[in-house]
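Comments concern the structure below.
Atoms within a ligand are numbered from 1 in the order they appear, just like the ligands themselves.
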Amino acid sequence: MIELANKVIQYCRDLALCTEEPGRTTRTFLSPPMREVHAKLGDWMRSVGMAVSVDAAGNLRGVKPGSGPGRLLIASHLDTVPNAGAFDGILGVVMGVALVEALNGAGPTIEVIGFSEEEGVRFGFPFIGSRAVVGTLDSVLTPAVLESIGAFGLDPAGLPDARLSPHTTACIEFHIEQGPVLEDLGLPVGVVDAIAGQSRLILTFRGKANHAGTTPMRLRRDALACAAEWIGIVEKIAGEEPGLVATVGSITLEPNATNVIPGVVRASLDVRHASDSIREETAAEILQVAARLSELRGISFEYQWKLNQPAVLLDPGLRDTLASAVEATGNPVHRMTSGAGHDAMVLAPHVPTVMLFLRSPGGISHHPEEAVIASDVEAALRVGLEFIHNV
Ligand code: HGY
Ligand code: MN
Ligand code: MN
């Protein structure tokens with residue numbers, strides 16, 4: 001099994017070279033390098049007897065017929081954040097194909113899906129691929145998204161055909177933990193019980209651009225100074241709430257010149273917590289702070305919701321089946337909550353869904369140093385086979 005584990009890792013590293021930006025891994029929704037990923041992964045899928053297609057949302061899909069009426073879905077995402085590592089998302093898709101290879105025709109019908117978009121980089125909102133599969137894409141099917149689908153050579157009229165097969169009885173997502181817990185415990189894998197909810201917004205602060213040399217400090221309406229004061233308070237509020245994280249990860253300003261007082265700032269806000277009420281209350285508090293600071297500085301302020309994703313409990317029965325598979329393969333069972341969002345949270349309300357985490361060396365992710373350990377991938381493959389035989 002270690003040979004297959006090494007093949008999985010090599011595939012992930014090879015596919016990381018499919019990028020929009022030479023020298024670093026960036027692969028966003030329906031970007032040109034996605035075609036290379038479809039071709040390379042599709043070849044492996046076909047070589048193990050899978051029927052391969054790309055649906056109207058750009059999801060790569062492979063189906064391997066098996067025994068019994070049900071269908072097991074093994075899925076994760078193919079897109080990345082800018083300057084990403086080689087394993088976030090795509091590891092779960094490659095592991096699905098590897099498991100089909102290892103089963104060699106045994107087991108249930110298996111569908112492997114590589115979702116076209118999970119990170120939310122291109123259009124600011126995430127889960128386009130998995131939303132298309134569960135039928136909740138309408139809320140974000142903007143003209144720009146439709147245009148990008150057509151530009152990739154796909155037909156939006158085919159989106160209804162992207163829906164999950166009605167025979168699908170269970171779903172598993174293999175994913176790197178992207179955090180330090182499993183490494184701290186010295187464990188190769190973890191069973192995910194729940195996925196924290198997330199609030200994603202874009203805030204816009206509008207002040208007054210003016211000359212940096214002639215405008216006295218007391219007469220300024222500096223949008224960036226306001227946003228900077230707000231960001232410091234965001235960090236303070238989040239630090240005082242156990243288990244809550246809040247991030248301002250993206251900021252743009254206009255006109256963005258060294259000798260002009262910033263007139264407009266657009267800043268992202270990402271708030272997460274296992275409790276929806278705590279997350280929503282904290283997000284509301286952070287927005288009130290932005291409004292108050294803006295008023296004090298004579299700046300206008302507005303915000304746009306991009307995502308209000310509730311926390312999701314994964315399927316209790318499948319969690320137990322997965323925990324038994326972890327135990328049966330000689331690994332300690334550790335159950336945990338995911339702070340990162342995953343396609344599994346989109347799928348879970350529509351099909352019984354479970355996740356297996358693999359240890360993240362250094363606890364690092366969304367970074368080129370993201371890694372996996374071959375023996376952990378081997379352990380996860382063994383757990384996957386045991387799970388498939390018992391699901
Ligand atoms: O942002 C997340 O939680 C995930 O990596 N998309
Ligand atoms: Mn990610
Ligand atoms: Mn991911």
Side-chain angles (χ1 to χ4, degrees), residues 12 15-16 19 24-29 31 34 37 59-60 74-96 113-131 140 171-182 190 192 194-202 238 243-250 268-274 276 279 283 306-312 314 336-348 353-360 363-372 380:
C12 289
L15 293 171
T19 178
R24 62 187 222 167
T25 299
T26 301
R27 190 170 59 243
T28 58
F29 178 62
S31 58
M34 273 297 180
V37 172
N59 297 313
L60 175 65
I74 305 176
S76 196
H77 61 95
L78 299 176
D79 66 312
T80 75
V81 294
N83 197 22
F87 301 97
D88 175 6
I90 202 155
L91 172 70
V93 187
V94 174
M95 283 193 62
I113 301 183
F115 293 119
S116 53
E117 202 285 340
E118 184 270 350
E119 299 286 1
V121 172
R122 182 167 177 182
F123 292 109
F125 45 77
F127 306 130
I128 295 177
S130 47
R131 278 171 159 168
V140 294
C171 170
I172 183 167
E173 180 171 7
F174 297 89
H175 202 290
I176 50 173
E177 178 205 335
Q178 300 182 292
V181 173
L182 290 175
V192 181
I195 303 173
Q198 45 181 291
S199 303
R200 293 194 194 184
L201 303 96
I202 297 291
L244 185 126
V245 287
T247 312
V248 179
S250 164
S268 67
L269 175 65
D270 179 317
V271 181
R272 309 200 189 184
H273 196 279
D276 288 338
R279 170 176 57 86
K306 289 292 190 178
L307 178 72
N308 188 0
Q309 170 62 52
V312 168
L314 296 180
M336 57 200 296
T337 294
S338 171
H342 297 289
D343 290 303
M345 70 200 312
V346 174
L347 293 161
T353 298
V354 72
M355 283 192 82
L356 185 75
F357 271 172
L358 283 79
R359 170 171 30 192
S360 286
I364 194 162
S365 181
H366 283 185
H367 188 283
E369 289 173 15
E370 186 180 276
V372 287

Does the side chain of V312 reach to within under 4.5 Å of the side chain of H342, using non-hydrogen atoms?
no
Is there a side-chain contact between V93 and F115 in this structure, where contact means two heavy atoms from C-beta onward sitting under 4.5 Å apart?
no
Give the atoms of ligand 1, by number and element, whose distance to some non-hydrogen atom of A340 is under 4.0 Å.
3 (O)
What protein heavy atom lies closest to atom 1 (O) of ligand 1? Include the residue and the distance to one decimal.
R272 NH2, 2.9 Å
Test item: D343 and F127 side chains (from C-beta on) under 4.5 Å apart, heavy atoms:
yes
Closest non-hydrogen atom pair between S365 and Q178, with its separation
OG-NE2, 2.9 Å
Within-4.5 Å side-chain heavy-atom neighbours: L91 and L358:
yes
With atom 5 (O) of ligand 1 as the reference point, say which of Q198, H175, H366, M345 has the nearest heavy atom.
H366
Just which atoms of ligand 1 are under 4.0 Å from any heavy atom in R200?
1 (O), 2 (C)
Is there a donor-acceptor pair under 3.5 Å between the side chain of R131 and the backbone N or O of P126?
yes
I want to check something: taking the side chain as every heavy atom from C-beta on, are E117 and N59 in contact at a cut-off of under 4.5 Å?
no
For H342 and ligand 1, answer yes if some heavy atom of the residue is under 4.0 Å from a ligand atom, otherwise no.
no
Would you find a donor on one side and an acceptor on the other, under 3.5 Å apart, between the side chain of R122 and the backbone of F29?
yes
Using 2.8 Å as the cut-off, note every protein N, O or S atom close to the Mn ion (ligand 3).
H77 NE2, D88 OD1, H175 NE2
